[in-house]
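Accompanying notes for the structure given below.
A, B, ... follow the sequence lines: proteins, then strands. Residue 1 opens every chain.
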2 protein chains.
Amino acid sequence: MPEDVDAGEVLAGSVGFLLSKLGMTSAARFAEMLEPLGIDPRHFGILRIVAMTEGQSQQRLAEALHVPPSGMVALIDDVEARGLVERRRNPNDRRAHALHLTTKGRRLYERALEIATAYEEHLCGGLSDRERDHLLALLHKVAAGYGTPAGSHPGMA
Amino acid sequence: MPEDVDAGEVLAGSVGFLLSKLGMTSAARFAEMLEPLGIDPRHFGILRIVAMTEGQSQQRLAEALHVPPSGMVALIDDVEARGLVERRRNPNDRRAHALHLTTKGRRLYERALEIATAYEEHLCGGLSDRERDHLLALLHKVAAGYGTPAGSHPGMA
DNA sequence: TATTGTTATACTCTATAACTATA
DNA sequence: TATAGTTATAGAGTATAACAATA
């Protein structure tokens, strides 16, 4: 009977514990929701940054996402194999690849954005709009203590 | 220049993204703070549950923490090698090990609890007491949507 | 025959650093 | 000589399932 053994009341009062637990649980849920699309949250991150900065080189994105170059190769290989991203030759510097979304990639990215929205609804379903705004503000306030840039996520690395 | 490429404003408005990012960042910080003790957050979890339920078997704890039996062996090996936990023979069932904290283990666990408290302070340093309580309440409300028991953390598995 | 704990195997993930092609 | 990208290799981590001791 694991119930005997649970007794986690102490940690229920800890912001750190709850944050870590909720972050992990909800990220796993997001990953499940993306599964029908054949991608995971990191691929989503790649699609997002390529969509925002078409034509950039792999290493530039690797730096921005704090992913080692070899890891970026694997990630781009994944999305390229699915026909979502194209490596184009850069005529100015033929060492570098210019990354672009394919039409299929753009469509899938849009579907992924819808899933992200549905996920957000799912997550905040129990909150009123006011509560959601308040939670967001409080999270930003906590996050301010960690000087991390807005768009980057440690899970990419 | 990664700054050109950042542009994460959209996700800054997402509870899910922030939660996942903050959870991961702050958990990494907690791990760093535990490092001087030679343990990581999972070992802390083991010490905690053993402290709360002295004499339990490995498999009972494994079930409670959703860790596979072989993983529990590795985890207990770690803390036993550091002299923090003892495997005692159970006279009633000599297949099973009864797990107990050593004196050293109890002392180290208490230091780890102090670190956990310091970590919580560090995390919530930017918040007033009222804000902290409010954040906790909102997080609990979100967590209610995921029927996870209070003490368990998916990171143990 | 079932169960506790252990070990062995195989698998995934990832990072480091060597390599190529361009510059 | 330096840089973009790739590949090869080796290491950590982890799960599956076979195994030994006990019930």
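Checking the phosphate oxygens (OP1, OP2) of D:dT14, a side-chain nitrogen or oxygen of B:R42 falls inside 4.0 Å. Between A:Q58 and the phosphate of D:dA4, there is no side-chain N or O to OP1/OP2 separation shorter than 4.0 Å.
Within 4.0 Å (heavy atoms only), B:S70 reaches at least one base atom of the nucleic acid.
Using bins of under 30°, 30° to 60° and over 60° for the plane-to-plane angle, the ring pair B:Y109/B:F44 lands in the tilted bin.
Distance B:H43 NE2 to D:dG13 C1': 12 Å, rounded to the nearest Å. The distance from atom CZ of B:R60 to atom P of C:dT4 is 11 Å, rounded to the nearest whole Å. Between the P atom of D:dG13 and the CE atom of B:M156 lies a distance of 15 Å, rounded to the nearest Å. Atom P of nucleotide C:dT20 and atom NE2 of A:H97 are separated by 17 Å, given to the nearest angstrom. Atom-to-atom, CD of B:Q56 to C1' of C:dG5 comes out at 16 Å; the value is rounded to the nearest Å. In this structure, B:M72 places its CE atom 12 Å from C1' of C:dG5, rounding to the nearest Å. Atom NE2 in A:H66 sits about 17 Å away from atom C1' in C:dA15, given to the nearest Å.
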Quiz item: Where do A:V79 and A:R42 land on the side chain to side chain contact (heavy atoms under 4.5 Å, CB included) test, with the steps shown first?
Solution: CA-CA 10 Å; A:V79 286; A:R42 281 165 26 146; over 6 Å; no
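Residues A:R88 and A:E54 are not paired through a salt bridge, judged by the lack of any N-O separation under 4.0 Å between the basic side chain and the carboxylate. Ionic pairing of A:E32 and A:R29 is present here: one or more N-O contacts between side-chain nitrogen and carboxylate oxygen are shorter than 4.0 angstrom.
Proximity of A:H43 to A:L75: side-chain heavy atoms (C-beta onward) are separated by under 4.5 Å at one or more points. The closest side-chain heavy-atom distance from A:L139 to A:L19 is below 4.5 Å.
Residues that satisfy the salt bridge (charged side-chain N to carboxylate O under 4.0 Å, His left out) test with B:D40, not counting sequence neighbours, are absent from this structure.
Between the OG1 atom of B:T103 and the CG atom of B:L84 there is a distance of 11.5 Å, given to the nearest 0.5 Å.
Atom CZ of A:R111 is surrounded by 12 or fewer heavy atoms from other residues, nucleotides or ligands within 6.0 Å.
Sorted by residue number, the members of residues 77-96 of chain B with any non-hydrogen atom under 4.0 Å from DNA chain C read B:R87, B:R95, B:A96.
Annotation: the terminal axes of the helix from C:dG5-D:dC19 to C:dA23-D:dT1 meet at 10°, where each axis is the rotation carrying the C1' atoms of four end pairs onto the next four (5 pairs per end, rounded to 10°).
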